[in-house]
Amino acid sequence: MKETFYITTPIYYVNDVPHIGHAYTTIAADALARYHRMKGQKVFFLTGTDEHGEKVHKSATQQGVPPKELADRVVTRFQGLTPALHITNDDFIRTSEPRHYASVQALFQKSLANGDIYLGEYEGWYCTPCESYWTDLQLAEGNCPECRRPVEKRKEPSYFFRLSKYQKPLLDYYERNPKFIRPESRRNEVVSFVAGGLNDLSLSRTSLSWGIPVPGNPGHVIYVWYDALTNYLTGVGYPDGGERFDTFWPADIHLVGKDILRFHAVFWPAFLLSAGMTPPLGVFAHGWWTVEGQKMSKSLRNAVDPYEIVKIYGPDAFRYFLLREVPFGLDGDFSRKALVHRINSELANDFGNLLNRSLGMLGKYFSGTVPSPGQPGEEEQALRAKAEDILQKVDEAMEELELGRALATIWELVKAGNKYVDQTAPWALAKDPARRERLGTVLYTVLEAARICVLLSAPCIPVAAQRMWEALCCEGAVEKAVLSSAGRWGGLPEGATLARSAVVFPRIEE
RNA sequence: GGCGGUGUAGCUCAGUUGGUGAGAGCAUGCGGCUCAUAUCCGCAGUGUCCGGGGUUCAAGUCCCUGCACCGCCA
């Protein structure tokens with residue numbers, strides 16, 4: 001097993017406030033980061049904000065404030081996701097920070113020095129009011145696609161990146177690293193895009209001031225995507241290097257939405273190869289959410305506010321729903337009805353109730369003291385084998401970033417636990433004093449199975465898992481537990497006295 | 001227009017290299033239990049596996065073709 005794990009979210013553009021899409025990427029990255037920590041790996045988890053570029057500059061101008069001030073205001077909305085969603089990012093990077101300027105300029109300098117970045121001339125259709133260039137194809141009946149006003153042919157000096165030179169190296173890299181782009185279907189799209197030929201990429205603008213200046217030519221501002229992508233290096237200490245950088249680069253996973261896959265799977269590795277750096281090991285593109293069956297749009301004003309959902313349903317329910325509802329990589333639909341349904345049937349009825357009924361019987365029959373299990377019978381052996389199998393299967397799913405499948409797998413054990421209780425009918429055993437040892441074995445077994453479920457679900461539903469972990473009198477924080485030892489059967493402390501805990505997942509009345 | 005993908009129970013989808021009567025979850029109906037947040041467990045289904053043709057002893061699984069939908073590119 002690799003000893004380190006570096007995962008990132010994209011940096012979020014401060015022109016917008018957080019919605020379900022941001023929350024989704026961040027939550028998924030968090031679940032993966034938490035899981036890898038529980039595997040005992042050293043993890044670095046980075047998120048942050050993208051603060052440069054035309055759109056931010058324009059919004060700021062409209063509001064009559066400097067762009068930095070706008071960014072300072074909006075960034076708090078993104079930073080607030082960390083406590084609200086119980087995210088465990090190790091750093092939060094803002095592209096307006098000095099450390100990032102140094103990083104972008106250093107990387108740029110490398111490619112400038114070896115000739116992969118050269119000064120040329122950019123030509124396109126320019127819309128003065130929008131301060132934007134458009135290509136022939138983007139034009140709407142010859143006019144600006146955004147404001148519909150006429151455009152003019154315009155030229156400006158620009159630095160270019162010799163992307164064309166990297167077609168072959170990129171295809172080689174994809175070939176050698178079949179899991180670099182996932183899911184598979186996205187990989188095929190990227191490969192055919194690159195195979196179709198690459199044009200050099202304009203890397204600077206003279207028409208904009210809100211950004212990072214080209215080293216040695218401050219009249220130019222570096223292209224926002226070059227600036228933004230480099231955050232993944234800055235976050236681990238580039239260009240100074242140091243322990244953090246040596247430990248974590250190259251990144252294991254850049255988690256992205258499918259709309260920005262090309263930047264991460266084509267441009268970014270090319271920039272890095274040019275600068276003599278190792279490209280990331282993986283880019284995973286997840287799907288998009290519709291809301292109540294409709295596309296999210298500003299005109300429909302149907303964006304889901306993560307803060308509001310968390311206020312109503314709590315962070316675990318929100319996290320669980322997003323991760324469980326859809327196979328990771330595909331699109332999904334967010335609806336209150338589906339959310340409530342999953343909360344009630346899976347969290348409350350299946351999982352919450354398993355713990356609750358077990359603790360209830362333990363209190364009733366053993367005054368809450370965990371008995372020592374006797375000789376395991378066939379049913380006990382079966383449940384234990386199931387738990388061990390599930391541990392393995394969850395690991396396979398998590399390694400493939402299949403978070404939904406991982407949860408579905410955990411729930412197989414939850415259901416097996418409930419079935420075991422019905423099969424062994426402890427309430428019947430309790431009526432016969434001669435079968436007291438058997439009763440103890442049954443309760444130990446079901447509680448132990450529940451403990452494994454808590455352990456495995458902790459990366460996805462950390463707050464609830466911690467409460468359940470404590471209810472089972474397990475030591476320390478569940479997030480600090482290491483799967484290889486804590487996942488071993490028999491970790492439930494014998495002789496401990498467990499109180500009947502408060503309901504962890506309350507049902508939601510519809 | 002080019003490349004790629006998908007089409008399986010009411011819904012969302014699994015279905016290894018072709019081979020026992022085609023599956024899971026949800027929803028539906030019926031039955032059982034009572035420890036539990038009226039929770040849990042069991043049983044029952046229903047399917048021209050998109051249409052057509054072909055290869056084979058044997059195809060949801062391979063080939064050809066048609067239709068529909070989706071993605072990427074132009």
Side-chain angles (χ1 to χ4, degrees), chain A residues 135-138 181 183-199 257-263 265-266 285-288 290 293 295 317 321 324-335 337-366 368 379 383 393 396-397 402 404-405 407-412 414-431 439-440 442-443 445-447 449-450 464 467-468 471 498 500-510:
Chain A
T135 63
D136 288 330
L137 288 162
Q138 287 173 314
I181 301 162
E184 188 89 25
S185 56
R186 297 290 164 199
R187 174 190 154 84
N188 296 338
E189 288 175 4
V190 172
V191 169
S192 64
F193 172 76
V194 174
L198 297 170
N199 296 319
K258 60 184 183 180
D259 52 324
I260 56 172
L261 176 61
R262 188 192 302 171
F263 299 101
V266 182
H286 67 241
W288 282 354
T290 52
K295 231 177 130 172
F321 179 82
R324 175 69 183 85
E325 179 71 359
V326 156
F328 201 49
L330 301 186
D331 292 348
D333 182 57
F334 181 89
S335 74
K337 193 178 162 199
L339 172 64
V340 168
H341 187 260
R342 289 228 182 251
I343 293 172
N344 284 348
S345 66
E346 292 168 16
L347 292 178
N349 296 349
D350 290 344
F351 196 18
N353 186 51
L354 174 66
L355 187 69
N356 199 45
R357 67 194 303 208
S358 309
L359 288 175
M361 287 186 280
L362 187 73
K364 195 175 283 190
Y365 308 139
F366 287 90
E379 288 128 325
L383 191 61
K393 287 207 167 93
E396 285 163 16
E402 296 187 57
R405 188 159 68 91
L407 281 169
T409 304
I410 297 165
W411 253 250
E412 283 180 35
V414 170
K415 284 165 192 284
N418 276 319
K419 186 171 176 172
Y420 171 78
V421 172
D422 282 7
Q423 275 175 342
T424 52
W427 51 91
L429 296 173
K431 288 178 184 147
L439 176 61
V442 165
L443 289 185
T445 302
V446 64
L447 284 165
R467 286 182 62 193
M468 294 166 103
L498 312 187
R500 184 145 169 215
S501 67
V503 166
V504 178
F505 301 110
R507 282 180 67 83
I508 292 161
E509 300 304 327
E510 286 162 275

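In the text below, chain A, chain B and the rest are named by the order of the sequence lines, each starting its count at 1. What you are looking at is a predicted structure, and each value in this text was computed from that prediction instead of being measured.
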**Study point:** Base partner of B:A24, which must satisfy Watson-Crick or wobble distances under 3.5 Å
**Key:** B:U12

Check your understanding: So, does A:Asn349 use its side chain to make a donor-acceptor pair with the main chain of A:Asn344 at under 3.5 Å?
Key -> yes

Practice item. Answer yes or no: is there a donor N or O on one side and an acceptor on the other, between the side chain of A:Asp350 and the main chain of A:Lys415, under 3.5 Å? Key: no

Study note, to complete from the structure: Heavy-atom nearest pair, A:Ser358 first then A:Val446, reads OG-CG2, 3.6 Å

Point to revise | N/O donor-acceptor pair under 3.5 Å between A:Asp331 side chain and A:Gly287 backbone | key: no

Practice item. Could you tell me whether A:Asn349 contacts a base, only the sugar-phosphate backbone, or nothing, with contacts defined as non-hydrogen atoms closer than 4.0 Å? Key: sugar-phosphate

Exercise for review: Check every strand shown and say whether A:Gly196 touches a base, only sugar-phosphate, or nothing at a heavy-atom separation below 4.0 Å.
Suggested key: nothing

Check your understanding: When you compare B:C69 with B:G23, how far apart are their C1' atoms, in angstrom units rounded to a whole number?
Key -> 25 Å

**Study point:** Rounded distance in Å between the C1' positions of B:C49 and B:C43
**Key:** 25 Å

**Study point:** Nearest-angstrom distance, C1' atom, B:U12 to B:U6
**Key:** 15 Å

Exercise for review: Remember a base hit wins even if backbone is also touched, and classify A:Phe505 as base, sugar-phosphate or nothing at under 4.0 Å, heavy atoms.
Suggested key: base

Check your understanding: Using the C1' atom in both, what is the distance from B:U28 to B:C11, to the nearest Å?
Key -> 12 Å

Review point. At under 4.0 Å between heavy atoms, what does A:Arg342 touch on the DNA or RNA strands: base, sugar-phosphate, or nothing?
Key: nothing

**Study point:** N/O donor-acceptor pair under 3.5 Å between A:Thr290 side chain and A:Gly332 backbone
**Key:** yes

Exercise for review: Could you list the residues that satisfy ring pair (Phe, Tyr, Trp, His ring centres under 6.0 Å) with A:Trp411, not counting sequence neighbours?
Suggested key: A:Tyr320, A:Phe351

Study note, to complete from the structure: Across every strand shown, the nucleotide meeting Watson-Crick or G-U wobble geometry with B:G4 (both distances under 3.5 Å) is B:C70

Review point. Under 4.0 Å between a Lys/Arg side-chain N and an Asp/Glu carboxylate O for A:Asp422 and A:Arg357?
Key: yes

Point to revise | Nucleotides bounding contact with chain A, strand RNA chain B, heavy-atom threshold 4.0 Å | key: B:C26 to B:C73

Review point. Reckon A:Lys364 touches a base, only the sugar-phosphate, or nothing at all at heavy-atom distances under 4.0 Å?
Key: sugar-phosphate

Review point. When rounded to the nearest Å, what value does the distance between C1' atoms of B:G4 and B:A14 take?
Key: 22 Å

Review point. Can A:Arg186 and A:Glu189 be counted as an ion pair, charged N to O under 4.0 angstrom?
Key: yes

Check your understanding: Looking only at atom C1', what distance separates B:G18 and B:C63, rounded to whole Å?
Key -> 13 Å

Check your understanding: So which one's nearest nucleotide on RNA chain B is more toward 5', A:Trp427 or A:Asn353?
Key -> A:Trp427

Check your understanding: When all nucleic acid strands are considered with a 4.0 Å heavy-atom cut-off, which category describes A:Asn418: base, sugar-phosphate, or nothing?
Key -> sugar-phosphate

Exercise for review: If B:C40 has a Watson-Crick or G-U wobble mate with both distances under 3.5 Å, name it; if not, just say none.
Suggested key: B:G32

Exercise for review: Could you work out the separation of B:A59 and B:G21 based on their P atoms and round it to a whole Å?
Suggested key: 12 Å

Exercise for review: Hey, which sits more toward the 5' end of RNA chain B by its nearest nucleotide, A:Val190 or A:Ala348?
Suggested key: A:Ala348

Point to revise | Any strand: nucleotide that pairs with B:A58 via Watson-Crick or wobble, under 3.5 Å | key: none

Check your understanding: When the C1' atoms of B:A22 and B:G66 are considered, how many whole Å apart are they?
Key -> 26 Å

